[in-house]
Amino acid sequence: MPPPSSPVPSPRWVIPNFILKVEDLNHPGATIFFDNVKPRQALEDAVTASYKWMYTQLTSPTHVKKITLVLRSFEGVAYTFGTHTDKEIHFSLDHIKNSESHARNEILGVLTHEVVHCYQYNAKDTCPGGLVEGIADFVRLHAGFVPSHWRPSCGDKWDAGYDTTAYFLDWIEKRYGEGTVRKINGSMRDSRYSEKVFKDATGLGVEKLWQMYCENLTEKS
Ligand SMILES: [Zn+2]
């Protein structure tokens with residue numbers, strides 16, 4: 001028999017150690033969580049999506065060694081904090097319970113969003129908060145976990161964050177080619193935030209891009 005043809009190797013990203021803590025197994029949100037996702041796989045997929053949409057094999061950072069996911073009851077959805085190497089994501093069991101009708105999509109979407117925060121650059125903490133959140137939801141959008149209420153929209157601010165900025169970044173990615181958001185993230189690695197972040201990636205300033213995006217949206221509607 002001829003030797004089997006070797007499959008195309010899949011990208012080898014550095015996957016950190018994962019730790020899961022559940023503060024209250026009796027909370028209905030905990031049951032919904034375990035009924036809908038396999039935690040290890042869900043976290044690994046979120047890490048892979050973060051790498052894929054923000055980095056290449058050559059540029060992906062390797063500093064994150066551990067991600068701890070804590071499921072507990074609190075007001076709100078989720079948040080992430082930690083050190084350069086150890087990250088901690090807190091995810092609300094109440095939110096999971098409230099999202100029961102679309103739990104899988106919401107759990108995987110929120111995990112993807114929070115894991116992006118473990119890996120994205122933030123221009124030495126000078127990146128506008130709305131861009132930080134927009135990039136996290138841009139990755140969530142591309143990972144395919146889109147909440148039903150998300151819409152491309154145009155208000156007065158490009159950095160309103162979340163789905164508003166995510167769809168704006170998606171339009172930029174489509175117009176200027178795959179990898180444009182990677183460039184935007186990459187340029188915030190070592191320097192402080194400035195106009196150059198969008199100019200270097202697209203040739204245009206962000207306000208001009210926002211204006212073009214809004215005109216485009218208005219024409220379509
Ligand atoms: Zn966030």
Side-chain angles (χ1 to χ4, degrees), residues 16 18 20-21 29 33 37 39 42-55 60-61 63-64 66-96 98-99 102-153 155 157-170 172-173 181-182 184-189 193 197-198 206:
F18 298 124
L20 174 64
K21 292 180 183 168
F33 182 86
V37 299
L43 284 164
E44 181 168 336
D45 290 348
V47 169
T48 305
S50 299
Y51 277 140
K52 182 177 171 199
W53 291 101
M54 291 193 293
Y55 300 100
S60 65
H63 61 268
V64 179
K66 186 166 91 179
I67 296 178
T68 302
L69 172 62
V70 180
L71 304 180
R72 63 181 188 85
S73 173
F74 63 95
E75 260 181 53
V77 179
Y79 59 92
T80 297
F81 61 99
T83 65
H84 197 53
T85 56
D86 291 13
K87 306 292 183 185
E88 192 160 322
I89 296 169
H90 285 224
F91 193 171
S92 166
L93 287 168
D94 306 302
H95 181 72
I96 294 172
N98 294 338
S99 312
H102 51 284
R104 185 177 159 77
N105 192 63
E106 180 64 7
I107 293 167
L108 297 177
V110 170
L111 285 179
T112 304
H113 177 109
E114 296 303 322
V115 168
V116 170
H117 289 327
C118 300
Y119 284 92
Q120 70 191 144
Y121 293 133
N122 63 7
K124 299 179 181 247
D125 281 333
T126 64
C127 178
L131 182 53
V132 170
E133 299 305 335
I135 289 177
D137 276 340
F138 168 83
V139 176
R140 176 175 178 167
L141 178 71
H142 282 267
F145 307 122
V146 183
S148 58
H149 63 270
W150 277 18
R151 300 275 180 282
S153 66
K157 278 175 63 180
W158 69 270
D159 61 344
Y162 302 100
D163 52 327
T164 300
T165 306
Y167 280 111
F168 175 50
L169 292 170
D170 183 52
I172 291 176
E173 180 91 352
V181 172
R182 253 180 234 135
I184 289 170
N185 174 62
S187 69
M188 295 193 289
R189 178 180 160 176
Y193 181 80
V197 167
F198 283 89
V206 68

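For the single chain, residues carry numbers from 1 onward in sequence order. One-based numbering, in listed order, for ligands and for the atoms of each.
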Would Tyr121 and Tyr55 count as a close aromatic pair, with their ring centres under 6.0 Å? yes
Could you walk me through whether Phe145 and Trp150 pass the ring-ring contact (aromatic ring centres under 6.0 Å, His included) test, one step at a time? CA-CA 11 Å; Phe145 307 122; Trp150 277 18; over 10 Å; no
The atom name of the N, O or S atom in Glu133 nearest to the Zn ion (ligand 1) is OE1
Smallest heavy-atom separation, Tyr193 atom then Met188 atom, equals CD1-SD, 4.0 Å
Suppose you place the vertex at the Zn ion (ligand 1); what is the angle out to His117 NE2 and His113 NE2, to 10°? 100°
Quick test of your reading of the model: are Arg140 and Glu106 salt-bridged, counting only N-O distances below 4.0 Å? yes
Between the Zn ion (ligand 1) and Glu114, is there an N, O or S atom separated by less than 2.8 Å? no
